[in-house]
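Remember, it's 1-based here, ligands and their atoms both numbered in the order they're listed.
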Amino acid sequence: MRLSRFFLPILKETPKEAEIVSHRLMLRAGMIRQQAAGIYSWLPLGKRVLDKVSAIIREEQNRAGALELLMPVIQSADLWRESGRYDDYGKEMLRIQDRHERDLLFGPTNEEMVTEIFRSYVRSYKDLPLNLYHIQWKFRDEVRPRFGVMRSREFLMKDAYSFDLDYESSKTAYDRMFVAYLRTFARLGVHAIPMRADTGPIGGELSHEFIILASTGESAVFCHKDFLELQVPGEDVDFDDAAGLASIVERWTAPYAATEEMHDEAAWEALPDDEKVSARGIEVGHIFHFGTKYSEPMKALVTGPDGKEQPVFMGSYGIGPSRVIAAIIEASHDENGIIWPASVAPFDVGLINMKPGDADCDRICDELYARLGAAGQHVLYDDGDTRAGAKFATMDLIGLPLQVIVGPRGAKSGEVELKWRKTGERETLSLDAALNRIGGA
Ligand code: 5CA
């Protein structure tokens, strides 16, 4: 993509309304635009990151055996009356009426709707286990939307819902998602720690929040330092091996970890001081096991091997891709801007032509652009006429992992400079050596 043809509305000034660094950087880098309190447009740069984050989440959900569908954002109030949550949910739910004065709502989550789908088609234990998920916009009329897309009113959520015959198998479904989440966050380039959590309006007896440690996190969290070293399961993890999954979950839940609401002061005090990590955290994922809380009132019944009908056991599993992006930035930035983990970067390489119009610069940039593109690298090519300082500042701000800088002097002798955004490390190489190095040869 040529920058001259891209839409990248960089802000020079630091926006005053933004209280935390991720919000400031997302606005300055032209990723998002506020349209109303807690409601944002995703501009092209932001949309590319959102798509990459969603793609990784999707791959790991699919690997764990979950099946993607797409449910609507608008839901019927009657469904929520069946579960009893229409009245319970309170003011966070945006309630609307259509022209026939039917009560509708903008979905804050989808337990009811997915239960309705399940009960309409599935009757027998033979069709279990089943896990259905979608990646869809949600609306929660938060009292205090703030920090940009970190706590917004409209936000993207991946929500998965598992269905099983009994407690035992539904616990395996929970473990499966637990392990998929460990892999997902590792691939997103962040360290997320599972912590016992309060179940809130979703309900149920078992839940874990996945927390990224960051000084601007909204809640205080407490965990053992062992979490910082634990090995994330590899690609070859067997999602059909219930015992194997349980042992991974056991390993990841053995050291102490809790959010403020679940904090056990006595257990905490028992730990040696140098093993304690007391920090602030951002909740990027939340998984719940709630058994028959929805299936019982909504009569989602399955027949077991004994021929008896019983309510299906359920869990739900959420990740907020839009919040994850803000959390990644909180965890990975410096004074010059964002530093994207390679897996979610909006482009792989930022190519800077220091002197467009100079025959050598143009030729080398064109060749790099073509060959890197052919090798599957996504390149943002700054072919514009701005000052060198402004070009460097923009590239640092938008945080692509690698910059390739082509200036007239180097270009004359066929050399380019590589700069790694994360370390600031620089290297001058011949065109071919540079292509080799980047993986574009
Ligand atoms: N139905 C369950 C699981 S699918 C559920 O709704 N869980 S939740 O309430 O914990 O939300 C799941 C995830 O959505 C959270 O972990 C968070 O990453 C994201 N999320 C929740 N509220 C917001 C918000 N106001 N802004 C941005 N992301 C949010």
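Residue-level contacts of ligand 1 at the 4.0 Å heavy-atom threshold are Thr109, Glu111, Arg140, Glu142, Val149, Met150, Arg151, Ser152, Phe155, Met157, Asp159, Ile202, Glu283, Val284, Gly285, His286, Phe288, Ser316, Tyr317, Gly318, Gly320, Arg323.
Between Glu59 and Arg183, none of the side-chain N atoms (NZ, or NE/NH1/NH2) sits under 4.0 Å from a carboxylate O, so this pair counts as no salt bridge.
We find the CE-CD distance between Met298 and Glu296 to be 13.0 Å, quoted to the nearest 0.5 Å. One distance of note links CD of Gln61 with CE of Met177; it measures 4.0 Å at 0.5 Å rounding.
Checked against the 6.0 Å centroid threshold, Tyr40 and Phe155 do not count as a close aromatic pair. Ring pair Tyr317/His208: centre-to-centre distance not below 6.0 Å. Taking the six-membered ring where the residue is Trp, the centroids of Tyr167 and His289 are separated by under 6.0 Å.
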